[in-house]
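See structure below.
All figures in this text were calculated on a predicted structure; none of them were measured in a lab.
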Amino acid sequence: MPPEDLPETIHVTTDEQLRAVSSLTRHRIMAVLRFEPATITQIAERVGLAKGSSSYHVRLLERAGLVKVVRTRKVRGVTERYYAMAARTIALPDPGEGAPDVLMRHAVADLEASSAQSERHVGMAHLRLTDEQFAELGARLQALADEYRKLSDPTLPDTSLVFALFHPASRAREEGDAK
């Protein structure tokens, strides 16, 4: 698990941070570092990259303040650095109307890359909710995710949970925009 002294959240606000999180490769590197520190070699093995590429991406994340060196050790005269997330969570800005949602794009890419033979639970539900029900469901989904995040064990295989609760664009508005 991450060290207890980590800040709870880093809010992505700068262009450098936005560029850093927009890469699927860097998203996957951050997923590796979410639960335990790792070296460039370990990251490269887990993500399936060459060490040079892994080093490049980690340096970009480090410059953006999203990952940091948490310990070092000497191995045959070379300093080995262990990297970890700089906070427990990263808060992305709202992409704005019509802009791509980086988090959802990464989640879909990870889902599509996962083994079709492994167990998956994927679904979609169309609901009609009051504003209060919408807010309650969002809070319950977040609480459930937080509950299971606390149970995460770094010795177990990675699992991703993605949820999106939103009001889709109305068809009438879309049709009016097309005219």
In short, A44 meets S54 closest at the heavy-atom pair N-OG, 3.6 Å
Minimal heavy-atom distance between H11 and A91, with the atoms involved, is ND1-CB, 3.4 Å
The reported gap from OH in Y83 to CZ in R59 (rounded to nearest 0.5 angstrom) is 8.0 Å
Can you tell whether the side chains of R46 and D158 come within less than 4.0 Å, N to carboxylate O? yes
Item to complete: Report the C-alpha separation of T39 and R81 in whole Å, then their side-chain angles, then the decisive distance to 0.1 Å, and conclude whether the side-chain contact (heavy atoms from CB on, under 4.5 Å) test is met.
Response: CA-CA 6 Å; T39 65; R81 291 174 182 83; over 6 Å; no
Taken to the nearest 0.5 Å, the spacing of F163 CZ from L141 CG works out to 5.0 Å
Rounding to 0.5 Å, atoms CG (L165) and CG (L137) come to a distance of 5.0 Å
When rounded to the nearest 0.5 Å, the distance separating CD1 of I43 from CE of M30 is 11.5 Å
Problem - Side chain R73, main chain E80, donor-acceptor under 3.5 Å - result: no
Are the side chains of L24 and R105 in touch, meaning some heavy atoms are under 4.5 Å apart? no
Practice problem: Treat each ILVMFWY residue as a node, draw an edge where side-chain heavy atoms are under 4.5 Å apart, and state whether V32 and Y82 are in one component. | Solution: no
Margin query: Counting C-beta onward and ignoring hydrogens, is there a side-chain heavy-atom pair between T41 and K51 closer than 4.5 Å?
Written below: yes
Discussion item. For the backbone of Q42 and the side chain of E45, can you confirm whether one donor and one acceptor N or O come within less than 3.5 Å of each other?
Written reply: no
Would a hydrophobic clustering, with Ile, Leu, Val, Met, Phe, Trp and Tyr connected at side-chain separations under 4.5 Å, put L18 with V67?
yes
In this structure, CZ of R88 is separated from CD of E8 (nearest 0.5 Å) by 6.0 Å
To the nearest 0.5 Å, atom NE2 of H121 lies from atom CG of L161 at 11.0 Å
A86 and P7 have their tightest heavy-atom pair at O-CD, 3.3 Å
Heavy-atom nearest pair, S55 first then I40, reads CA-CD1, 3.7 Å
**Request:** Could you tell me whether the side chain of V21 reaches within less than 4.5 Å of the side chain of H27, counting heavy atoms only?
**Result:** no
Connected via hydrophobic side-chain network under 4.5 Å: F35 and L66: no
Notebook entry, point to check: Does a side-chain heavy-atom distance below 4.5 Å link S23 with H57?
Noted result: yes
> Does the side chain of M104 reach to within under 4.5 Å of the side chain of V162, using non-hydrogen atoms?
Replying inline: yes
Exercise. Do I90 and V69 belong together in a cluster built from hydrophobic side chains that touch within less than 4.5 Å?
Worked result: yes
- Task: Measure from the side-chain N and O atoms of R63 to the backbone N and O of Q17, and report whether any donor-acceptor pair falls under 3.5 Å.
- Result: no
Any side-chain heavy atom of D110 within less than 4.5 Å of one from R28?
yes
Side-chain donor/acceptor of S114 to backbone N/O of L111, under 3.5 Å:
yes
All heavy atoms of A20 vs all of A64, minimum pair found to be CB-CB, 3.9 Å
Residues T155 and D153: closest non-hydrogen pair is OG1-OD1, 2.7 Å
Q. Between T72 and T79, do the side chains contain an N or O donor and an N or O acceptor separated by less than 3.5 Å?
A. no
Side-chain heavy-atom pair D146, Q142 within 4.5 angstrom cut-off:
yes
Please check if M85 and L60 belong to a single hydrophobic cluster, counting links between Ile, Leu, Val, Met, Phe, Trp and Tyr side chain heavy atoms closer than 4.5 Å. no
| message | Around atom OH of Y56, are there more than 12 heavy atoms from other residues, nucleotides or ligands closer than 6.0 Å? | response | no
When you compare the side chain of L61 with that of I29, does any pair of heavy atoms fall below 4.5 Å?
yes
